[in-house]
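The shown structure was predicted, so the numbers you read here are calculated from the model rather than taken from an experiment. Within every chain, numbering begins at 1; the chains are lettered A, B, ... in the order of the sequence lines, protein sequences first and strands thereafter.
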Amino acid sequence: MPTETVAGAVVDRNEEGFFTDATQWTEAMAPELARAEGIDELTDAHWQVIRFMRQEYFEKGTGPTVRMLGKTSGVTVKELYQLFPKGPAKIAARIAGIPKPRGCI
Amino acid sequence: MTQRVVILGGGTGGTLGANRLQRSLGSDVEITVVDQDDRHVYQPGLLFVPFGMADPDEIERPRHRQLRQGVEFIESEIDWVDLEAQEVHVENGTTLGYDVLIVATGARLVPEETEGLEGPGWGEKVFTFYTPEGAEALSHALDAFDGGRLVVNVVDMPIKCPVAPLEFCFLADAYFTERGIRDRVEINYATPLDGAFTKPIASEHLGGMLEERNIELTTEFNTGEVDGVGGRLIGYDGREVPFDLAVVIPLHGGAEYVGRSPGLGDELDFVPTDEHTLQSKSAPNVFVIGDAANVPASKAGSVTHFEGETLVSNVEHFLAGEPLEAGFDGHANCFIETGYRKALLIDFNYETEPLPGHYPGPVGLPLLKESRLNHLGKLLFQSVYWHSLLPGRDLPGVGAVMPMSGKHRSIPEED
């Protein structure tokens, strides 16, 4: 498993770029992770989603799917795609430092 | 004292659960099954209806007739479940008290959650084969289709039988080839997944089969809107997939009463469930079988069947005040119809993805490989379903736990 440095700290991520240990993540890492996904600036709305993803992950053991996010995060699916154009659940999970949501079976 | 078991739903899980419990506990329990209608559909048969390979009447039987004597059947909508009072309120005004509740109401299609899906063009250019009525309407549309773009689209996961849309693509390829117009039809499979299927080895194999058949694959496509008049699927990311005929698998959710029952379900009305014991996380005396559970297994009849053993032994343990067994391993297997009277078979569980080899052991049906034997297996299975699986009999050679003998971890060469 690749070990790398994000915002000066050593973290473990899998080959798809998902954190394998969500506790290694800090808020200071988010801007750098976002830039790697092509998002130059994190707005309040981005943060709302990122914090929601982490909260769900720690409560339920998996991050939410886009549809769950649309129903529960307070941000509509359309807006989610504006915030994270390349796929809200995956991209937001990478920036939020949680493992890949296991919504799709 | 007689204990009361109420089972919500008289489909695959509710029926085999009721029959197994009744056989095992006899008059120690009073078993009541509630369903909103008396139509038990053999759902794998829906795939064949659009291609004229099955008639809707052939795949449907009355629910109550599949239940053993001594199991009571109530035909009524379910209003809500009161977990605290341990009562089910049904819409004919009756209240059913229970010692154990089994939720087996499956998944529900929610096409209304996708903009435009049921709008103009629905039933004309836009269809689904996930209902008997839809499958039959689609068979007429396919008959009348002389060429153009056919799009098969999964709006989002989870769906029942995640391989069915792929099977539909394979059967459509064979159907148009047999009609001699394959060169006039473009087939596109638009999926929210990043490949043909969810599990890597099977995804690669099935992706290769799409390519061989000249079926385009559009991945990571999340349908935001269906424009039935203009003939376009519009993705949330702005991409568009044009069509002359669209076969859409709508979003799925759990049964509506789950949402009306405080503390029972999640945001999508599925019931949070321990993936190994099948006890719900909502209340200790509530168990869940089949598609209604939010466990990370495919929503499929085979999963429901394999869950049966664990469900019944854990309900018995619970009634006897004994600890539960973590018995269910996520075992699933499915025949994947590939057209031209062939099929392949996949077999997997929570831990092990579908692998090549043979099932159930080194001498058995070929896995991840097209064969006529698998196609025959798929056709024969309907009779096994009504006569062995629903009555709750064990199928010879088919155990609840996934077998590893006969499997290997590399992709075999095609013959």
Enquirer: Any chance the rings of B:H252 and B:F270 have centres within less than 6.0 Å?
Expert: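 Not close enough - the centres of the two rings lie 6.0 Å or further apart.
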Enquirer: Write out all pairs satisfying side chain to side chain donor-acceptor pair (under 3.5 Å) with one or both partners inside residues 254-266 of chain B, taking only residues at least two apart or from two chains.
Expert: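 For residues 254-266 of chain B: B:T105-B:Y257.
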Enquirer: Check A:R51 with A:E27, please: is the shortest side-chain N to carboxylate O separation under 4.0 Å?
Expert: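 Salt bridge present between A:E27 and A:R51.
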Enquirer: Between B:E220 and chain A, with a heavy-atom cut-off of 4.5 Å, which part of the residue counts as in contact: side chain, backbone, both or neither?
Expert: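 The side chain, not the backbone.
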Enquirer: Please output the residues of residues 73-94 of chain A in contact with chain B, using a heavy-atom cutoff of under 4.5 Å, in numerical order.
Expert: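 Contacts with chain B: A:V77, A:K78, A:Y81, A:P85, A:K90.
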Enquirer: Please state whether the side chain, the backbone, both or neither of B:E115 comes within less than 4.5 Å of a heavy atom of chain A.
Expert: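 The side chain, not the backbone.
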Enquirer: Run the side chain to side chain contact (heavy atoms under 4.5 Å, CB included) test on B:D347 and B:H331 for me, step by step, so that the C-alpha distance in whole Å, both residues' side-chain angles and the decisive distance to 0.1 Å come before the verdict.
Expert: CA-CA 7 Å; B:D347 189 67; B:H331 189 192; 2.8 Å; yes
Enquirer: Decide yes or no on salt bridge (charged side-chain N to carboxylate O under 4.0 Å, His left out) for B:E267 and A:K60, but give the supporting numbers first.
Expert: CA-CA 13 Å; B:E267 298 85 347; A:K60 298 185 179 157; 2.9 Å; yes
Enquirer: Cation-pi check for B:F348 against B:K407: NZ or CZ below 6.0 Å from the six-membered ring centre and within 45 degrees of the axis, yes or no?
Expert: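 The answer is no; the distance or angle limit is not met.
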Enquirer: Heavy-atom distances under 4.5 Å only: say whether B:D156 touches chain A with side chain, backbone, both or neither.
Expert: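 Contact with chain A is through the side chain of B:D156 alone.
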Enquirer: Can B:E275 and B:K281 be said to form a salt bridge (charged side-chain N to carboxylate O under 4.0 Å, His left out), step by step?
Expert: CA-CA 10 Å; B:E275 63 192 63; B:K281 295 176 182 171; over 6 Å; no
